[in-house]
There are 2 protein chains.
Amino acid sequence: MYSIGDLSKKTGVKIPTIRYYEQMGLIAAPDRTEGNQRRYERRELERLSFIRHARDLGLSIEAIRDLVELSQHPEKPCTGADAIATTHLASVRAKIAQLKKLEHELERIVSHCAGHTVGDCYVIRALSDHGLCEGSMDEV
Amino acid sequence: MYSIGDLSKKTGVKIPTIRYYEQMGLIAAPDRTEGNQRRYERRELERLSFIRHARDLGLSIEAIRDLVELSQHPEKPCTGADAIATTHLASVRAKIAQLKKLEHELERIVSHCAGHTVGDCYVIRALSDHGLCEGSMDEV
DNA sequence: CTAATCTCTCTAGCAGCTATAGGTTCAAGA
DNA sequence: TCTTGAACCTATAGCTGCTAGAGAGATTAG
Ligand SMILES: [Zn+2]
Ligand SMILES: [Zn+2]
Ligand SMILES: [Zn+2]
Ligand SMILES: [Zn+2]
């Protein structure tokens with residue numbers, strides 16, 4: 001039997017976050033002591049580790065809820081689980097691509113400032129005028 | 001004189017967002033008509049474009065507030081502006097690095113699933129056991 | 001003048017927590 | 001057994017950067 005604090009120490013998930021996950025339906029409401037405090041078993045420790053790992057990989061609460069649901073049915077085909085991971089991978093890649101555009105643009109802007117005063121600072125000018133951007137990229 | 005809708009169309013910033021920026025102190029409260037509607041001038045159009053561009057580059061509201069402040073003082077040295085951009089570039093790079101770790105790990109996990117059922121799905125197993133992660137990377 | 005379209009303020013909601021306040025319970029030492 | 005201090009409880013508000021809605025008032029073209 002673990003208290004919520006034990007669980008927190010063992011998984012690295014903060015106490016309020018554990019309660020939040022319970023509220024969000026990622027972990028079931030556990031048994032309580034007579035005094036109304038949560039008491040967990042090993043099962044819940046494992047599930048919380050699962051959740052933490054999934055969060056560290058950037059999966060959303062909703063995706064994790066689905067994965068947890070799936071993991072309760074070992075006989076089902078795993079296409080659903082695979083699809084969740086694959087979709088997430090795609091979104092990670094999309095975000096990387098977008099951030100690289102930003103990186104590129106910021107690099108250019110930062111390196112072009114030869115000014116000494118705000119009046120002729122390239123950073124300020126570049127922000128004021130998107131036309132100065134490389135090929136006037138869409139957005140950015 | 002532009003209405004808030006005009007400003008919105010010209011800059012691509014949605015109307016509630018413009019009001020939000022006003023509330024956040026990025027743009028000054030403009031003059032009003034007798035009927036209490038906002039009326040803007042070219043100055044504000046330019047500032048809003050500046051803000052939009054900065055947001056597109058991922059700068060925070062707070063950073064933008066500082067940049068706007070700085071841009072009001074053309075005679076000051078531009079080290080502050082440059083520092084904001086440089087710091088932001090660093091944080092973009094850090095985020096890219098982190099996302100690449102995720103990408104790498106997700107790639108590995110997704111490609112390893114040869115299972116057909118949830119019971120032997122590598123995705124589920126990998127999430128359950130961080131030890132399966134490459135060299136047990138910290139986090140992720 | 002009327003109808004259609006803006007615009008106004010205020011409030012609440014999104015994700016994923018985190019922090020506080022004000023109270024109760026548990027566990028260990030004397 | 002009693003006491004104290006740590007841990008726990010609920011409920012609520014806050015964070016970022018918007019976005020959506022309600023319900024009321026303003027503007028403008030015909
Ligand atoms: Zn500069
Ligand atoms: Zn640009
Ligand atoms: Zn699988
Ligand atoms: Zn891992």
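Each chain gets a letter, A, B and so on, in the order its sequence line appears, and its residues count up from 1.
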**Student:** Between atom CD in B/Q23 and atom P in C/dT11, what is the gap in whole Å?
**Tutor:** 11 Å

**Student:** Using only side-chain N and O atoms of B/R65, determine if any of them is under 4.0 Å from OP1 or OP2 of D/dG17.
**Tutor:** no

**Student:** Do other residues, nucleotides or ligands put more than 12 heavy atoms under 6.0 Å from B/R42 CZ?
**Tutor:** no

**Student:** Can you measure B/K14 atom NZ to C/dC6 atom C1' for me and round it to whole angstrom units?
**Tutor:** 18 Å

**Student:** Is it true that A/L67 and B/V110 fall in one hydrophobic cluster, defined by side-chain heavy atoms closer than 4.5 Å?
**Tutor:** no

**Student:** Would you classify A/R19 as touching base, sugar-phosphate or nothing, given that sugar-phosphate means primed atoms plus P, OP1 and OP2, and contacts are heavy atoms under 4.0 Å?
**Tutor:** base

**Student:** Quick one: is A/T17 getting a side-chain N or O under 4.0 Å of the C/dG16 phosphate, OP1 or OP2?
**Tutor:** no

**Student:** Ignoring hydrogens, what is the shortest heavy-atom contact between B/A85 and A/V123? Give both atom names and the distance.
**Tutor:** CB-CG1, 4.0 Å

**Student:** Rounded to whole Å, how long is the line connecting atom CD1 of A/I4 with atom P of D/dC8?
**Tutor:** 7 Å

**Student:** Would you say A/Y20 and A/I51 are hydrophobically clustered, going by side-chain heavy atoms of ILVMFWY under 4.5 Å?
**Tutor:** yes

**Student:** According to salt bridge (charged side-chain N to carboxylate O under 4.0 Å, His left out), who are the partners of B/E107, at least two apart in sequence or on a separate chain?
**Tutor:** A/R93

**Student:** Is there a side-chain contact between A/Y20 and the phosphate of C/dA15, meaning an N or O under 4.0 Å from OP1 or OP2?
**Tutor:** no

**Student:** Does C/dA15 have OP1 or OP2 sitting under 4.0 Å from an N or O in the side chain of A/S60?
**Tutor:** no

**Student:** Report yes if the side chains of B/V13 and B/L7 come closer than 4.5 Å at any heavy-atom pair, otherwise no.
**Tutor:** no

**Student:** Find the distance B/I15:CD1 to D/dA26:C1' and express it as a whole number of Å.
**Tutor:** 14 Å

**Student:** Please say yes or no: joined through hydrophobic side-chain contacts below 4.5 Å, possibly via intermediate residues, are B/I4 and B/M1 part of one cluster?
**Tutor:** no

**Student:** Expressed in angstrom and rounded to an integer, what is the separation of B/R52 atom CZ from D/dC18 atom C1'?
**Tutor:** 13 Å

**Student:** B/I18 CD1 to D/dA20 C1': how many Å, rounded?
**Tutor:** 16 Å

**Student:** Please state how far atom CD in B/E22 lies from atom C1' in C/dC8, giving the value in whole angstrom units.
**Tutor:** 12 Å

**Student:** C/dC17 P sits how many Å from A/L26 CG, rounded?
**Tutor:** 9 Å

**Student:** How bent is the helix from C/dC1-D/dG30 to C/dA30-D/dT1, measuring the angle between the end axes built from five pairs each, rounded to 10°?
**Tutor:** 20°

**Student:** Is a side-chain donor-acceptor pair under 3.5 Å present for B/R108 with B/Y122?
**Tutor:** yes

**Student:** Please pick, from C/dT7, D/dC18, D/dC9, the nucleotide with the shortest atom-to-atom distance to any side-chain atom of B/I61.
**Tutor:** D/dC18

**Student:** Looking at A/Y21, does any N or O in its side chain come under 4.0 Å of the phosphate oxygens OP1/OP2 on C/dG16?
**Tutor:** no

**Student:** Any side-chain N or O of A/R38 under 4.0 Å from OP1/OP2 of D/dC9?
**Tutor:** yes

**Student:** Below 3.5 Å between N/O atoms, which protein atoms pair up with nucleotides 24-27 of chain C? Just atom names and distances, please.
**Tutor:**
| residue | atom | partner | partner atom | Å |
| --- | --- | --- | --- | --- |
| C/dC26 | OP1 | A/T33 | OG1 | 2.8 |
| C/dC26 | OP1 | A/G35 | N | 2.9 |

**Student:** In terms of hydrophobic clusters joined by side-chain contacts under 4.5 Å, are A/Y40 and A/F50 together?
**Tutor:** yes

**Student:** Going from SG on B/C133 to CG on A/L57, what distance comes out if it is rounded to the nearest 0.5 angstrom?
**Tutor:** 6.0 Å

